[in-house]
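When a residue number appears, it is its place in the shown sequence, counting from 1. Remember, it's 1-based here, ligands and their atoms both numbered in the order they're listed.
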Amino acid sequence: MNILILGSGGREHALAWAIRQNPKCDRLFVAPGNAGIEGVARCVALDILSGPDVIAFCEETAVDLVVIGPEAPLAAGVADALRAAGILVFGPSAAAAQLEASKAFTKQICDACGAPTAAWARFDQAGPARDYIREKGAPIVIKADGLAAGKGVTVAMTEAEAIAAVDDAFGGAFGEAGAEVVIEEFMAGEEASFFILSDGVDCLPIGTAQDHKRVGDGDTGPNTGGMGAYSPAPVLTQALQDQVMDRIVRPTIAEMARRGMPFQGVLYAGLMIRDGQARLVEYNVRFGDPECQVLMMRLGAQALDLILACAEGRLSDVQVNWADDHALTVVLAADGYPGTYMKGSAIKGLDGLPDDSSEAVFHAGTALRDGQVVAVGGRVLAATGRGASLREARDRAYALVGRIDWPQGFCRKDIGWRAL
Ligand code: AMP
Ligand code: GLY
């Protein structure tokens, strides 16, 4: 079959890398892709937020399945457009994507289905929001309701910080996304991510992971999109996964179906775990980046069978062939990230690096200029290793990092510390 993946990050390179290994995959396209993706697929220039453009490409090139990587095309309704055109698609409708695109929507779903999460209230004006903060006290969490590129959340340790965050949101710091604010109880505990495929009815867990959001070693410095990740997450024991499926995931999927907006795609549950109990922090309606890199390294070629079963509504027919393995990925970012960073620096040492079922370097913000790979984004590469233990996976990933010659880049040296 011919497959089109939408997106251009490390997540999409990992998806393409795994899908390519499956003999069912004939032609593989990625739009818009990056320099690394060129090695496993054909990169095509397409406006991935435009349903008509994506449909036209699918019709011209006989694409059988579209896999949507990032949230923006999902929230823009590209999956709806493809389904309406009779094209098989992996990814939720715009209505179901509200589970990521609106914090208040997710909270309402949790309340309706009894899924444990932080106590919350929503505000569309600063005055009542400030009063609520003074009543509840700190620590407290302030969230812009809409999509804010990961920047809309403030975990406020003082009332003053919380009030400043409310004033920022209503002052327009997040544009439309901040026109409404959700204020939440602060939850203490250990965070972990859980990935579940759903075809709207059935659910299939496909792995757990933990990421490292802060830019600096020891979890210091500003938040980023993620500086590294590993899978599995030891804190998410089988018993906890069963608890999350019973109390959070299945009730959510049932509630979405009941509302006439069945969720079809990958549900990424961000969880807070404390004293053997998990509560929902948030949902995303796509794979995490860089969590996808470790999941794809572990799933390999079967990823396509699972994605296809999900898109075709026959998840109850498939199962995951688990290996007793671990994967870890280290993100290399451009100096200055997550602040301003330089573009255009050359990356050497990529040729001849191992690329097999236990090690690979996935590209994110890279492009080819005159035959040379150059950095064009903040997060640029994800060096990924797999092994029988997390330590082995980590050693493989850092061995790859050691062979990359990019003086203008940096990475964290302690990915996996919590689990190791
Ligand atoms: P979100 O975008 O909702 O995942 O929030 C980003 C990050 O803020 C999460 O990964 C948590 O680290 C933190 N966070 C969000 N909500 C809460 C909460 N209610 N209590 C504690 N930390 C939170
Ligand atoms: N790594 C976090 C995310 O993809 O949202």
Donor-acceptor contact present, side-chain R250 to main-chain C203, <3.5 Å: no
Between R259 and A112, which heavy-atom pair has the shortest distance, and what is it? NH2-CB, 3.6 Å
Among R279, Q243, M187, M272, find the one that has a side-chain contact (heavy atoms from CB on, under 4.5 Å) with P116. R279
Taking only heavy atoms of E185 into account, list the atoms of ligand 1 that are under 4.0 Å away from them. 18 (C), 19 (N), 20 (N)
Atom 14 (N) of ligand 1: of I140, V155, L271, the nearest heavy atom sits on V155
Using 30° and 60° as the class boundaries, would you call the ring planes of W17 and F362 parallel, tilted or perpendicular? perpendicular
For ligand 1, which atoms, with element, lie under 4.0 Å from some heavy atom of K103? 1 (P), 2 (O), 3 (O)
Please check if any side-chain donor atom of D53 sits under 3.5 Å from a side-chain acceptor atom of S50, or the reverse. yes
Ligand 1 atoms in contact with K143 (distance to a heavy atom under 4.0 Å): 3 (O), 15 (C), 16 (N)
Taking only heavy atoms of E291, which atoms of ligand 2 are found under 4.0 Å from at least one of them? 1 (N), 2 (C), 4 (O)
So if I count the atoms of ligand 2 from 1 in the order they appear, which ones are less than 4.0 Å from some heavy atom of G225? 1 (N), 2 (C)
Distance under 4.0 Å to a non-hydrogen atom of G288: what atoms of ligand 2 satisfy this? 4 (O)
Closer than 4.0 angstrom, basic N to acidic O: yes or no for E282 and K103? yes
Would you say the side-chain atoms of N34 and E38 include a donor-acceptor pair closer than 3.5 Å? no
Atoms of ligand 1 less than 4.0 Å from K213 heavy atoms? 10 (O)
Report yes or no: does R11 have a heavy atom closer than 4.0 Å to ligand 2? no
Per-atom filter on ligand 2: closer than 4.0 angstrom to a heavy atom of R286 are 3 (C), 4 (O), 5 (O)
Report yes or no: does a heavy atom of Y268 sit under 4.0 Å from some atom of ligand 2? yes
Any idea which atoms of ligand 2 are less than 4.0 Å away from a heavy-atom of D211? 1 (N), 2 (C)
Quick one about K107 and T117 (side-chain donor to acceptor, distance below 3.5 Å, no hydrogens or angles considered), yes or no? yes
